[in-house]
Number of protein chains: 2
Amino acid sequence: MTSELQGRIRPVEVDRTSPVPLYFQVATRLQELIEKGEIGVGARIENEVDLAERLGVSRPTTRRAIQYLVERGMLVRKRGVGTQVVHPKVRRPVELSSLYDDLVAGDRAPRTEVLRLEVMPAPDAIANALEVAPGTPVTWIERLRYAGGEPLALMHNAIPIDVLPLTRDDLAAHGLYELLRRNGLTPRIATQVIGARSATPAEAKTLAEKRGASLLTMTRTAWDGGGRALEYGSHVYRASRYSFELNLSAG
Amino acid sequence: MTSELQGRIRPVEVDRTSPVPLYFQVATRLQELIEKGEIGVGARIENEVDLAERLGVSRPTTRRAIQYLVERGMLVRKRGVGTQVVHPKVRRPVELSSLYDDLVAGDRAPRTEVLRLEVMPAPDAIANALEVAPGTPVTWIERLRYAGGEPLALMHNAIPIDVLPLTRDDLAAHGLYELLRRNGLTPRIATQVIGARSATPAEAKTLAEKRGASLLTMTRTAWDGGGRALEYGSHVYRASRYSFELNLSAG
DNA sequence: GTCAATACTTTGTCATGACAAACTCGGGGA
DNA sequence: TCCCCGAGTTTGTCATGACAAAGTATTGAC
């Protein structure tokens with residue numbers, strides 16, 4: 001009676017021979033329908049029980065699929081009411097990607113200049129952030145990132161050498177996170193601190209900013225699924241050209 | 001044979017009369033043991049099946065409890081191997097709370113000065129952010145937030161009047177998010193943009209900063225579970241006294 | 001006509017049982 | 001001695017069934 005689109009997921013289609021889990025197949029199907037707008041924002045989807053029956057899967061499986069989309073901010077559930085579409089796109093919890101990835105995705109023609117690359121023992125502050133013993137050998141990198149021909153960010157990173165050996169050429173051509181992933185290292189957890197301060201004269205010159213211009217600062221430590229620290233980074237961005245965009249979902 | 005601490009969760013203690021879900025009771029218990037260091041980093045916890053039996057709950061319940069901690073980055077699971085502690089503290093996904101809440105939690109004695117409070121038709125930019133029609137009546141607020149006796153942030157907010165009526169006294173004594181929650185309005189999804197810029201002379205004066213000091217800026221729109229926009233905010237923080245801390249987990 | 005109690009709908013929690021997939025480790029064969 | 005294979009362990013997925021809790025809608029009383 002309301003604005004029911006009553007998402008008809010029509011032709012049942014789960015492939016039980018596929019190695020892809022059923023709940024994921026269902027979630028993907030739902031996500032497609034929502035992204036294509038076939039279930040419009042505000043519309044309620046079928047209740048779990050009916051949906052499960054029609055798709056020929058159990059209720060827990062259906063539930064898990066829906067839960068998956070709820071966690072991504074597409075759906076909202078209310079006990080006694082139903083499940084509603086609240087946003088037609090996935091709102092990612094917050095990207096765990098590198099600046100390079102973002103720029104490529106945004107078509108902003110990134111270019112990287114490697115200013116420094118050397119192996120050195122980790123100073124206390126960095127060892128602390130990486131949760132390794134002081135003096136542990138790390139690769140120390142300083143890079144200048146350009147976008148659209150203009151300098152955008154000055155980036156400092158430390159990567160334990162037993163995590164990944166790095167070369168200048170690799171870093172000039174690819175983002176750090178891309179290199180990590182290529183070597184089977186997936187950042188899964190990170191802590192970031194975002195702040196701001198005025199540029200030092202040297203920074204201002206490097207970044208083509210005026211003296212004392214505002215810079216965005218970001219320090220981050222990233223761990224893989226096994227709890228091993230992969231990377232510590234301390235970066236400064238030109239505030240006039242860059243900002244962080246976050247999508248949060250709580251609950 | 002390895003460095004097994006083999007987390008003995010000892011005296012079974014789940015309270016079936018409590019309204020708190022069993023899985024949550026188990027998760028909380030585990031979290032305590034880990035935070036207290038009784039299960040040390042690197043140690044494996046008991047396998048799901050045994051743990052379930054000993055606690056007198058079903059395996060799915062135990063699983064859900066463990067899953068909860070995995071999502072928060074405390075534990076890591078490996079099929080065929082077991083579940084390991086990787087970090088002794090909860091890494092929260094990202095808080096959807098207000099500055100006021102954070103300051104209270106951090107014991108920094110917040111105080112709020114309401115500089116302005118009026119109902120006005122929403123200008124285009126704000127109506128756009130809130131996804132409402134231009135001209136829709138909103139309560140417009142300007143607040144100055146102190147912490148530890150010093151000014152910390154200058155905050156501008158717009159709240160549609162049909163969401164919540166606000167008074168000066170309420171705002172002086174409580175955080176905006178607290179007021180929302182008290183009225184049954186729970187922010188569930190938000191998009192934020194964090195940037196930086198130099199203070200205008202007026203801002204510098206209000207915030208007791210020097211001319212041209214760096215400020216952190218944050219604009220946010222928050223929605224409730226039903227997809228209704230609750231709040232638009234545009235805030236500036238003294239970069240010398242404040243920064244954003246985020247914990248990300250990608251899965 | 002208005003308000004409160006009741007029935008219904010829908011999600012939330014929990015149990016039990018079963019099999020599959022990934023990893024570890026030990027034993028047997030080359 | 002080294003490597004491969006199989007047994008054992010542990011998490012991953014899925015089904016079925018049941019009841020509880022929170023909303024919504026309906027009905028009945030005043």
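Quick note on labels: first sequence line is chain A, next is B, and so on, each numbered from 1.
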Check side chain to side chain contact (heavy atoms under 4.5 Å, CB included) between B:R79 and all other residues, then give those that pass, not counting sequence neighbours. none
Calculate the interatomic distance between B:R63 atom CZ and C:dA20 atom C1'; express it in whole Å. 13 Å
C:dT13, OP1 or OP2 - any side-chain N/O from B:R64 closer than 4.0 Å? yes
Using atom CG of A:N47 as one end and atom P of C:dG12 as the other, report the distance to the nearest whole Å. 12 Å
A:D15 has an atom CG; how far is it from atom C1' of D:dC14, in whole Å? 15 Å
Whole Å only: how far is the CD atom of A:Q84 from the P atom of C:dT11? 11 Å
Who pairs with B:H156 by ring pair (Phe, Tyr, Trp, His ring centres under 6.0 Å), at least two apart in sequence or on another chain? B:W140
Between D:dT11 (C1') and B:L75 (CG): distance, integer Å: 13 Å
Please check the phosphate of C:dT11 (OP1 and OP2 only) for any side-chain N or O of A:T83 closer than 4.0 Å. yes
With the criterion being N/O to N/O and under 3.5 Å, what pairs connect the protein with nucleotides 15-18 of chain D, and how long is each?
from, atom 1, to, atom 2, distance (Å)
D:dA15, OP1, A:R16, NH2, 2.7
D:dA15, OP2, A:S58, N, 2.8
D:dA15, OP2, A:S58, OG, 2.6
D:dA15, OP2, A:T61, OG1, 2.5
D:dA18, N6, A:R59, NH1, 3.4

Would you indicate which nucleotide in D:dT11, D:dG23, C:dT11 comes nearest to any side-chain atom of A:V49? C:dT11
In Å and rounded to the nearest 0.5 Å, what is the CD to CZ distance from B:Q84 to B:R77? 13.5 Å
Whole-Å distance separating the CZ atom of B:R44 from the P atom of D:dT11: 8 Å
Rounding to a whole Å, what distance do you find between B:E46:CD and D:dT11:P? 10 Å
Could you list the donor-acceptor pairs under 3.5 angstrom formed by side chains in residues 17-27 of chain B, with sequence neighbours left out?
from, atom 1, to, atom 2, distance (Å)
B:T17, OG1, B:D15, OD1, 2.7
B:T17, OG1, B:D15, OD2, 3.4
B:S18, OG, B:V20, N, 2.9
B:Y23, OH, B:R64, NH2, 3.4
B:Q25, OE1, B:D15, N, 2.8
B:Q25, NE2, B:D15, O, 3.0
B:Q25, NE2, B:V20, O, 2.9

Please identify each residue that fulfils salt bridge (charged side-chain N to carboxylate O under 4.0 Å, His left out) with A:E53, with sequence neighbours left out. none
Verify the contact: side-chain N or O of A:R77 to OP1 or OP2 of C:dT10, cut-off strictly under 4.0 Å; return yes or no. no
Output yes when at least one side-chain N/O atom of B:Y23 is less than 4.0 Å from OP1 or OP2 of C:dC14, else no. no
What's the separation between atom NE2 in A:H235 and atom OG1 in A:T219, rounded to the nearest 0.5 Å? 9.5 Å
Between D:dG12 (P) and A:Q25 (CD): distance, integer Å: 19 Å
In short, side chain to side chain donor-acceptor pair (under 3.5 Å) pairs touching residues 159-168 of chain B with sequence neighbours left out are B:T167-B:D170
